[in-house]
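Residue numbers begin at 1 in each chain, while the letters A, B, ... track the order of the sequences.
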Protein chains: 2
Amino acid sequence: MKPDTTVELTSLFEYFKKFNPLSLEAEHAIASISKAIDVKKNTVLQPIGHTCKTIYFIKKGLARIYYFKDGVDITESFAFENNSVARVESLFTGVASKKAIQLIENSELVAINATQLFKLYDTYPQIERLFRLIVESAYVETIHRIESIQFHTAEERYKILIKEAPDVLKRVPLKYIASYLGITQVSLSRIRGLK
Amino acid sequence: MKPDTTVELTSLFEYFKKFNPLSLEAEHAIASISKAIDVKKNTVLQPIGHTCKTIYFIKKGLARIYYFKDGVDITESFAFENNSVARVESLFTGVASKKAIQLIENSELVAINATQLFKLYDTYPQIERLFRLIVESAYVETIHRIESIQFHTAEERYKILIKEAPDVLKRVPLKYIASYLGITQVSLSRIRGLK
DNA sequence: ATAAACACTTAACATAAGATAAATAATCAC
DNA sequence: GTGATTATTTATCTTATGTTAAGTGTTTAT
């Protein structure tokens, strides 16, 4: 019988396979620096002001990255199941993050120790390649996000969001969606009220 | 005496050194898939609608990535000397780019064949690592750009720009700066007129 | 040197989104 | 279940930015 971790990490390795399938040995190496955790709704994983040293994979549930701008809670991004989430601007620079990760639902996560992960890059080029591809993919998404923020009206952005991620509306409080779209909750209500 | 290419690529390899120093062999491998080109002001390097297969390094000069939104010319980003520029959202996906790269000044570039570069990744893990680090760095910049666009007023964004890149103002037409800031040229003039 | 094209500013008006406040509606703790 | 939070909507007024148009200044090509 397989050890527990392997079973728990099945969906993580499925996720990896979409980018770069790993050898069993490489999978075990990642398993050895990862642990599965259950987190209650509204939990904040790491406080603002700490350097990000963990990459989370969401087996089940829903998270957001947020921060405070002039005392106002701003949602930078959402992350759904079968995706990873990390405070990248801290992870890749070592600078303390001004952001936090919060779970919007009761969630099941895999926490990967990034410090140890980066060390695995030397031994397993396939792991370095895997995360290179994951980052490239996230980078492309971020570029699309810029186009969306900069060159669509708030109403267009709202319509695009509910078209591309109708789930969001059911699972995420509107106040979080509003700041994600770059507007106030009042404006979002107004837009929703149209027609 | 060194071959010509080595001399011409000095600044490129200096740029690489900031991320991941390469062996001479790896440098030669990159040199063999690169060529130095001189480009006149206003030249568009590749037409919109083609898949991006080239990474450019700017030895001298200044470029912008732009596209058309509802017929209006929008500048997505600028790239100055000693930096690289590519239409990443096409490069990493194979999808035809809706964007073009244009030189704002007479420029000296190094064109790196990306298709061949990606093949080098198998032979030279150090090259794969180099570009992983370059992309991670660009990704972090893009995340900061989102914060800037989404949560500062146009006036704040303008002030940040002239503080962080005062060069831009001297070398880039205001119409390009305006769309980069996400506003019209008229709005930018108005902001500049204040005080 | 001149005309044409381009770059930038200014003005008047229209509109989308912000700020504040108050009213419902939904959820949570006990 | 009841009261207390929290979430959402609605209304009013203000403000920043868009749109259009016209005018001035600056390059560029011949």
Between atom [atom1] in [X] and atom [atom2] in [N], what is the gap in whole Å?
| X | N | atom1 | atom2 | result |
| --- | --- | --- | --- | --- |
| A/Leu188 | C/dA16 | CG | C1' | 14 Å |
| B/Glu155 | C/dG18 | CD | C1' | 16 Å |
| B/Ile177 | C/dC6 | CD1 | C1' | 16 Å |
| A/Asp73 | D/dA7 | CG | P | 10 Å |
| B/Arg171 | C/dA7 | CZ | P | 17 Å |
| A/Asn42 | D/dA7 | CG | P | 8 Å |
| A/Gln185 | C/dT24 | CD | P | 18 Å |
| A/Ile149 | D/dT17 | CD1 | C1' | 18 Å |

Go through the side-chain N and O atoms of B/Arg64 and B/Thr75 and say whether any donor and acceptor fall under 3.5 Å apart.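 The answer is yes; a qualifying pair exists.
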From C-beta outward on [X], which listed nucleotide comes closest to its side chain: [options]?
| X | options | answer |
| --- | --- | --- |
| B/Pro173 | C/dC8, D/dG18, C/dG18 | C/dC8 |
| A/Lys175 | C/dA7, C/dA17, D/dT8 | D/dT8 |
| A/Ser189 | D/dT17, C/dC8, D/dT9 | D/dT9 |
| B/Val186 | D/dT19, D/dT17, D/dT8 | D/dT19 |
| A/Leu174 | C/dC8, D/dT19, D/dT9 | D/dT9 |
| A/Ile191 | C/dC8, D/dT8, C/dA17 | C/dA17 |

Using OP1 and OP2 only, check whether a side-chain N or O of [X] sits under 4.0 Å from [N].
| X | N | value |
| --- | --- | --- |
| A/Ser187 | C/dA17 | no |
| B/Arg190 | D/dT17 | no |
| B/Thr184 | D/dT17 | no |
| B/Arg192 | C/dC8 | no |

Which residue lies toward the 5' end of DNA chain C, A/Lys41 or B/Tyr176, if each is placed at its nearest nucleotide? B/Tyr176
Ring-plane angle category for A/Phe68 and A/Tyr66, please: parallel below 30°, perpendicular beyond 60°, tilted otherwise.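 A/Phe68 and A/Tyr66: perpendicular rings.
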Rounded to the nearest 0.5 Å, how far apart are CZ of A/Arg87 and OH of A/Tyr67? 14.0 Å
Between A/Tyr121 and B/Arg132, is there a cation-pi geometry (under 6.0 Å to ring centre, at most 45° from the normal)? no
Sub-3.5 Å donor-acceptor pair from the side chain of B/Ser179 to the main-chain atoms of B/Gly182, do we have one? no
